[in-house]
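Just below is one structure, and these are the notes that go with it.
Scope of the values below: all heavy atoms of this structure, side chains included, with no hydrogens, waters or symmetry mates. One-based numbering, in listed order, for ligands and for the atoms of each. Throughout, residue positions are numbered sequentially from 1 according to the sequence presented.
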Amino acid sequence: MVRKPWLLLPSQLAHDVSPFFLKLHSWLRPSKSYSWKSLTWKGLKFENPLGIAGGVDKNGDSLAGWWSFGAGFVELGTITPQPQTPNPGKIMMRNIKELGLWNKMGFPNKGMQHCLKNLQALKSRHTPVFANIGKNRTTKNEDAHLDYIQVIDCLNNEVDAFVLNISSPNTKNLRDLFSKNYFFNFLNPIISHNKNLPNPKPLLIKLSPDIQQEELFNLLEISLQVGIDGWIVSNTTTDRNNLDWAPQQGGISGKHLAAISRNLLKDCVEYLKDKRKDQIIISCGGVLTPEDVYDRLNLGADLVQVYSALVFSGPNFFKSVAREALS
Ligand SMILES: Cc1cc2nc3c(=O)[nH]c(=O)nc-3n(C[C@H](O)[C@H](O)[C@H](O)COP(=O)(O)O)c2cc1C
């Protein structure tokens, strides 16, 4: 019997049919909760620190499915104000031998109103839910903060935290928002707006792995000053050193990203040492085995997220990690 039948399908098809199987699984087996290394942060209870990364469930169509597999938290999105189609041409690929994924999707999603309806239709909730949010590709960088504010206003009553995604390599010039010209002016109005809402939610920012140490420290410093609540380390990489199986454009996930995002995590933990109050660090990138999960936690990550592991090991990855953690 084939143990991972989805790996026989083309990656795009496997991605497209997965919501159906997740829904089926959630009907057959309702929510499963694995309790290991539980934590409470800003009143949010995480039964375990392992969650799904941005991009896995772009529209919040499969929440019950992720809960039925025992995820400790779920990040939806990237969600933009208006629905948008993917970038043209081939948008994803996997390399099973290299445990790698390539994508140049460009935030295809059904828009914030669709996600809102999905969240409002939930009958029960089993883990914290984060919304990863982005700008539409037609919105200029000068106006980008307005898109993020729109999505925050739309989903604020339905999610537990927001992740500001400006680190995707697949929306033209998006990463420029990290530059000195933009970063403060982008972040500050979003954080001020959120603070003035009746029910403000924690705001995290997802970092790019393709930055030098000096730039990283500068971004951490500014984000601390403006009052960010945490960082996700990291998005996909544009690095192609010793990698020949993927196109030049787009982002790489999985094994190739592991050392890069692990080093970035170490740098963040080291730099933020005494400067951190209750801000969290979420490690993401190349976490492919239960040992990788514990390694990132031991390095100082508060939470860990996976995408590639769900492709190469399947959704029972949550169970395998819990089993070893509890043994
Ligand atoms: C096909 C695909 C789509 C993705 N879409 C998003 C996205 O919409 N938003 C986002 O923040 N990250 C997105 N990512 C990046 C993942 O969230 C994660 O940062 C990256 O894959 C590294 O984790 P991994 O090595 O466990 O896969 C995507 C990754 C892949 C492979």
Side-chain angles (χ1 to χ4, degrees), residues 10-16 18 50-61 71 73-80 84 86-87 90-95 98-111 115 130-137 148 151 161-171 174-175 204-210 231-239 243 246-247 250-262 264-265 282-290 292-293 295-296 301 303-315 317-318 321:
S11 57
Q12 177 75 53
L13 182 61
H15 180 267
D16 293 346
S18 63
L50 182 61
I52 65 163
V56 177
D57 185 354
K58 286 182 179 291
N59 300 293
D61 291 327
F73 67 108
V74 176
E75 183 176 320
L76 309 175
T78 297
I79 302 145
T80 56
Q84 63 176 24
N87 283 327
K90 194 172 173 72
I91 53 165
M92 69 185 295
M93 186 195 285
R94 71 180 163 228
N95 186 316
E98 295 295 326
L99 296 177
L101 298 176
W102 166 87
N103 94 89
K104 72 165 183 77
M105 288 196 158
F107 300 163
N109 76 108
K110 296 176 186 163
C115 186
F130 291 19
N132 176 314
I133 65 178
K135 74 172 187 74
N136 280 111
R137 61 170 70 90
Y148 291 78
V151 188
F162 288 98
V163 177
L164 308 176
N165 182 5
I166 57 169
S167 49
S168 168
N170 299 322
T171 296
L174 184 73
R175 286 182 169 186
L204 293 87
I205 189 150
K206 187 165 181 179
L207 298 177
S208 157
D210 304 313
W231 301 267
I232 299 191
V233 192
S234 68
N235 214 314
T236 56
T237 182
T238 54
D239 176 88
L243 185 141
I252 304 291
S253 308
K255 194 172 83 178
H256 182 75
L257 175 60
I260 305 173
S261 75
R262 189 177 183 275
L264 202 67
L265 169 68
I282 304 181
S283 179
C284 179
V287 172
L288 294 164
T289 63
D292 292 337
V293 177
D295 173 56
R296 301 298 172 95
L303 300 168
V304 177
Q305 290 180 321
V306 285
Y307 191 131
S308 299
L310 299 174
V311 172
F312 296 113
S313 298
F317 188 68
F318 295 105
V321 178

Protein residue, atom and distance nearest to [atom], heavy-atom basis:
| atom | result |
| --- | --- |
| atom 8 (O) of ligand 1 | K58 NZ, 2.8 Å |
| atom 25 (O) of ligand 1 | G286 N, 2.7 Å |
| atom 18 (C) of ligand 1 | C284 SG, 3.6 Å |
| atom 13 (C) of ligand 1 | G54 O, 3.2 Å |
| atom 27 (O) of ligand 1 | S308 OG, 2.6 Å |
| atom 20 (C) of ligand 1 | S253 OG, 3.5 Å |

Pull out every atom of ligand 1 sitting under 4.0 Å from any heavy atom of [X], numbered as shown with elements.
| X | value |
| --- | --- |
| K206 | 10 (C), 11 (O), 12 (N), 15 (C), 16 (C), 17 (O), 18 (C), 19 (O) |
| N235 | 11 (O), 12 (N), 15 (C), 19 (O) |
| L101 | 31 (C) |
| V306 | 26 (O) |
| N165 | 9 (N), 10 (C), 11 (O) |
| N132 | 9 (N), 10 (C), 11 (O) |

Give yes or no for whether the N/O distance cutoff of 3.5 Å, strictly under, is met between [X] and ligand 1.
| X | result |
| --- | --- |
| E75 | no |
| N103 | no |
| T78 | yes |
| L257 | no |
| G254 | yes |
| S234 | yes |

No-hydrogen, no-angle side-chain donor-acceptor test under 3.5 Å, [X] and [Y]:
| X | Y | result |
| --- | --- | --- |
| T237 | D210 | yes |
| S261 | R296 | yes |
| N87 | N170 | no |
| S167 | N165 | yes |

Keeping the roles fixed (side chain from [X], backbone from [Y]), state whether a donor-acceptor pair exists under 3.5 Å.
| X | Y | answer |
| --- | --- | --- |
| Q84 | F107 | yes |
| H256 | D239 | yes |
| D57 | L76 | no |
| S313 | L310 | no |
| R94 | W102 | no |

Check against salt bridge (charged side-chain N to carboxylate O under 4.0 Å, His left out), D292 and R262: CA-CA 10 Å; D292 292 337; R262 189 177 183 275; over 6 Å; no
OG1 on T78 to CG on L164, rounded to 0.5 Å: 10.5 Å
Ring center gap for F130 and F73 short of 6.0 angstrom: yes
Check contact between [X] and ligand 1, using heavy atoms of the residue and a distance below 4.0 angstrom.
| X | result |
| --- | --- |
| A258 | no |
| S168 | no |
| A309 | no |

Option set F107, W102, Y307, F312, criterion heavy-atom distance to atom 3 (C) of ligand 1, minimum: Y307
